[in-house]
Amino acid sequence: MEKQGLTVSCVLICYNQQQYIEAAVKGILSQSYDVDEFIFSDDCSTDETFAKLQIAVDKYGIGKNVTVRKNSSNKGLIAHVNTVMALSTGELVVIAAGDDVSFPNRVEKIAETYLAAGRPMLLHSKAVAIDSFGEETGEEYPDVSLRKKLTVEESLLSQRIYLGASGAWSRDLIDKYGPISYRHAYEDLIMGFRAVIEGRIEYIDECLLAYRTDVGISGGKVPLTGAECLSNRVAKIRREKDIFLQRKDDVNKFGGVRVDLMEKLGRRIQLAQVRSNFYENRVALIRNLLMTPISFFDGVGGEVKFLIKYVFLR
C-alpha cells in the first residue's frame, strides 16, 4: 500500500512471558507492511523472557530496524508503557503484548484504515481467542458492545472501552495528553477514553491477531481463599480510583464535557477514595466522614458487606 508519508512504530511490551514470547515476536516481525521501527521492551522479567526475546529477534528480525531493551528494575505496566511511548517515533504506534500473536496483515490493515478514516487517534480490531497452548477457542473479542463508537457518557465510568491488545495510537493522542500519571490504571482504559472524548476512535471489523485469554490480566484464576478475595478487591479499588482520577485530569485538559457528567465522575472518585482509604488510610477515612458523609457510608457499608461475605464467611 502507499504509505503517504506515514511512519509506523511497532511496540511490544512483555513481562514473565517466556513460553509465549517467540510466537509474539515472530508475529510482529512478519508484517506485510514496511514498518519503520520495532521496539521490544521487557519490564525486568524474573524468568527467561528477555533471553528468549533476544533469540527470537535475532532469528526473525534480520534487516529490520529493531531495538531490544530491558528495564533495569520492574517498573510496572503504566511506567513501562510511558517509557516505551517516549522512545517510539512513529506517527502511528501499533501495540503488541508478549503473549498474543499478530497476524501478518495486522499493521497493513491498521495503516490503511488510519489513512482512509482521516487519521483517527486510536484504532482497534477484533481478535481470535486462543488458549495457553495456542489453540483457537472458537470465540472472538471484543464482544458486540465494544464494536461501536462509545459516547463520552457510556465510557466515563466504564471498565471496558476496547480490546487493548488490538490497539494502535496516533502520535497526536500520545503528545496531546502526555504520560499516564496514575500507576494502577490500565493503559487501554485511559487511551481509549481519551480517544472517545476526542471523537477520534475507529474500530476495524476484522480479526488481526490471536488474543490469549487464559493467561495474564485476561485470565486470572477465581480466588479460592478469603485472602485472595481481599487482595483482588484492594487491587480493583486501586485500579478504579486511578482510572477515574486520570479521566478527570484528561477531561479537564480536553474541556467541553457536560457539567452533569463531571459531577457524576466526581461522585465516583469520592466513593473510590473512601473504599481505598477503608483498607489503606484510616486517618483519611475520618476526613471522608466529615467532608463527604454520603460517600463515606456508601463506601464503608459496601466494604463491610464484602468482607463479611467473601472473607470472614469464606
Side-chain angles (χ1 to χ4, degrees), residues 77-78 81-82 85 95 117 120-125 141-170 172-204 217-218 232-278 288 291-303 306:
L77 176 63
I78 292 303
V81 168
N82 286 340
M85 288 305 106
I95 313 300
M121 283 183 159
L122 188 150
L123 303 96
H124 63 113
S125 73
Y141 284 79
D143 62 39
V144 175
S145 66
L146 300 185
R147 300 179 191 182
K148 64 173 185 174
K149 290 187 177 181
L150 300 179
T151 65
V152 174
E153 186 168 8
E154 288 172 328
S155 62
L156 184 70
L157 304 178
S158 178
Q159 300 297 304
R160 297 169 65 252
I161 294 180
Y162 76 100
L163 178 62
S166 74
W169 308 333
S170 76
D172 281 351
L173 182 63
I174 296 166
D175 290 346
K176 177 171 182 177
Y177 289 92
I180 299 171
S181 302
Y182 299 89
R183 66 190 183 97
H184 297 297
Y186 284 170
E187 84 287 352
D188 56 324
L189 294 173
I190 301 306
M191 303 302 274
F193 180 72
R194 291 172 173 179
V196 168
I197 61 178
E198 292 280 351
R200 296 176 62 189
I201 184 170
E202 194 73 23
Y203 170 67
I204 301 170
I217 290 173
S218 63
N232 281 4
R233 180 69 167 188
V234 172
K236 178 176 183 289
I237 290 169
R238 288 172 178 163
R239 181 176 71 248
E240 290 184 354
K241 183 182 73 170
D242 280 6
I243 288 167
F244 295 150
L245 286 170
Q246 184 68 66
R247 286 178 182 173
K248 179 182 178 181
D249 290 352
D250 292 340
V251 166
N252 287 336
K253 181 173 291 188
F254 173 77
V257 174
R258 288 180 0 222
V259 173
D260 64 312
L261 295 183
M262 288 301 295
E263 291 174 346
K264 181 185 292 187
L265 179 59
R267 290 192 294 271
R268 285 298 295 269
I269 289 172
Q270 288 179 0
L271 181 60
Q273 288 174 328
V274 167
R275 293 165 64 201
S276 176
N277 291 338
F278 178 82
N288 294 143
M291 301 296 294
T292 57
I294 295 177
S295 295
F296 173 86
F297 287 110
D298 285 348
V300 170
E303 295 315 306
F306 170 83

Please report the shortest heavy-atom distance between [X] and [Y], naming the atom on each side.
| X | Y | answer |
| --- | --- | --- |
| L245 | Q273 | CD2-NE2, 4.3 Å |
| S155 | V196 | OG-CG1, 3.3 Å |
| I190 | A185 | CG1-CB, 4.0 Å |
| R160 | L146 | O-CD2, 3.6 Å |
| P142 | S125 | CD-O, 3.7 Å |
| S295 | Q270 | OG-OE1, 3.2 Å |

Can a donor-acceptor pair be found, under 3.5 Å and without considering hydrogens, that links the side chain of [X] to the backbone of [Y]?
| X | Y | answer |
| --- | --- | --- |
| R238 | S276 | no |
| D188 | L163 | no |
| R247 | L156 | yes |

Worksheet, complete the sentence: Residue pairs meeting salt bridge (charged side-chain N to carboxylate O under 4.0 Å, His left out), one or both in residues 259-274, sequence neighbours left out, come to E153-K264, R258-D260

Worksheet entry | Stepwise side chain to side chain contact (heavy atoms under 4.5 Å, CB included) test for E198 and F254 | CA-CA 8 Å; E198 292 280 351; F254 173 77; 3.5 Å; yes

In Å and rounded to the nearest 0.5 Å, what is the [atom1] to [atom2] distance from [X] to [Y]?
| X | Y | atom1 | atom2 | answer |
| --- | --- | --- | --- | --- |
| M191 | I201 | CE | CD1 | 11.0 Å |
| R183 | I78 | CZ | CD1 | 11.0 Å |
| Q159 | K236 | CD | NZ | 7.0 Å |
| W169 | R194 | CH2 | CZ | 9.0 Å |
| H124 | E202 | NE2 | CD | 8.0 Å |
| F193 | L150 | CZ | CG | 11.0 Å |

Discussion item. I197 vs Y177, test: side chain to side chain contact (heavy atoms under 4.5 Å, CB included). Steps then yes/no.
Written reply: CA-CA 12 Å; I197 61 178; Y177 289 92; 3.6 Å; yes

Worksheet item: Listed by chain and number, what are the side chain to side chain donor-acceptor pair (under 3.5 Å) partners of N252, not counting sequence neighbours?
Response: none

Fill in: Test item: I243 and Y182 side chains (from C-beta on) under 4.5 Å apart, heavy atoms
no

Item to complete: For the residue pair M85 and P179, establish whether any side-chain heavy-atom pair is separated by less than 4.5 Å.
Response: no

Practice prompt. Go through D298 and V274 one step at a time and tell me if the side chain to side chain contact (heavy atoms under 4.5 Å, CB included) criterion holds.
Written response: CA-CA 9 Å; D298 285 348; V274 167; over 6 Å; no

Discussion item. Using side chain to side chain contact (heavy atoms under 4.5 Å, CB included), reason through R233 and E303 one step at a time and then give a plain yes or no.
Written reply: CA-CA 9 Å; R233 180 69 167 188; E303 295 315 306; 2.9 Å; yes

Worksheet item: Should the heavy atoms of other residues, nucleotides or ligands under 6.0 Å from CE of M262 be counted, would the total exceed 12?
Response: yes

Item to complete: Output all residues satisfying salt bridge (charged side-chain N to carboxylate O under 4.0 Å, His left out) with K248, sequence neighbours left out; order by chain, then residue number.
Response: none

